Amino acid sequence: MSYTFEAVIKNKLGIHARIAALLVKTVNKYDAEAYIVFHGDKVNIKHLIDVISLSITQNSVEINIYGKEAAQCSEELQQLIENSFGEMS
């Protein structure tokens, strides 16, 4: 099963190290592979350094998720992003 959604990163600092680590931790809970696409570059969310290297700012990103638990992973990632990763925007 696969899921794709577009999300808006609302945090003023974009996806910095703490947020990237939170994304990695979230995806690793599931039997799924997840990728983030920003300005045409696609990286595996399970690879912290790759996520940080995208230098994602307040902008739109695309998330692609594949695997047995893709639905659950997608739902949690969407909530995490919608809630600004628990940070104040």
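Note that this is a predicted model, so its numbers are computed, not measured.
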Going by the salt bridge (charged side-chain N to carboxylate O under 4.0 Å, His left out) test, which pairs reach into residues 57-66, not counting sequence neighbours?
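For residues 57-66: none.
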Strictly by salt bridge (charged side-chain N to carboxylate O under 4.0 Å, His left out), give each pair with a member in residues 14-24 just once, sequence neighbours left out.
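Only Arg18-Glu87 qualify under salt bridge (charged side-chain N to carboxylate O under 4.0 Å, His left out).
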Taking ILVMFWY side chains as joined if any heavy atoms are under 4.5 angstrom apart, and letting links pass through other members, which residues group with Leu48?
Val24, Ile52
In Å, rounded to the nearest 0.5 Å, how long is the span from [atom1] of [X] to [atom2] of [Y]?
X     : Y     : atom1 : atom2 : result
Gln79 : Phe85 : CD    : CZ    : 12.5 Å
Asn28 : Ile45 : CG    : CD1   : 10.5 Å
Ile65 : Thr4  : CD1   : OG1   : 8.0 Å
Gln58 : Leu13 : CD    : CG    : 8.5 Å

Listed by chain and number, what are the side-chain hydrogen bond (donor to acceptor under 3.5 Å, both in side chains) partners of Lys25, not counting sequence neighbours?
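Here no residue qualifies.
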Check whether any side-chain heavy atom of [X] sits under 4.5 Å from a side-chain heavy atom of [Y], and report yes or no.
X     : Y     : value
Val61 : Leu54 : no
Ile9  : Thr57 : no
Tyr3  : Asn64 : no

Should Val27 and Met1 be regarded as members of a common hydrophobic cluster, given that ILVMFWY residues are connected when their side-chain heavy atoms come within less than 4.5 Å of each other, either directly or indirectly?
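No.
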How far apart are the closest heavy atoms of Gly14 and Ile19, and which atoms are they?
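Looks like O-CD1, 3.5 Å.
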Looking only at non-hydrogen atoms, find the nearest pair between Ser60 and Val8 and report the distance.
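For Ser60 versus Val8, the nearest heavy atoms are OG-CG2, 3.8 Å.
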Considering only distance and modelled atom types, tabulate donor-acceptor pairs under 3.5 Å from the side chains of residues 69-77, sequence neighbours left out.
unit_1, atom_1, unit_2, atom_2, d
Glu69, OE1, Asp31, N, 2.6
Ser74, OG, Gln78, NE2, 2.9
Glu76, OE1, Lys29, NZ, 3.1
Glu76, OE1, Tyr30, OH, 2.3
Glu76, OE2, Lys29, NZ, 2.7

Can you give me every donor-acceptor pair (side chain of residues 34-44, partner residue at least two apart or in another chain, under 3.5 Å) with its distance?
unit_1, atom_1, unit_2, atom_2, d
Asn44, OD1, Lys46, N, 2.8
Asn44, ND2, Glu33, OE1, 3.0

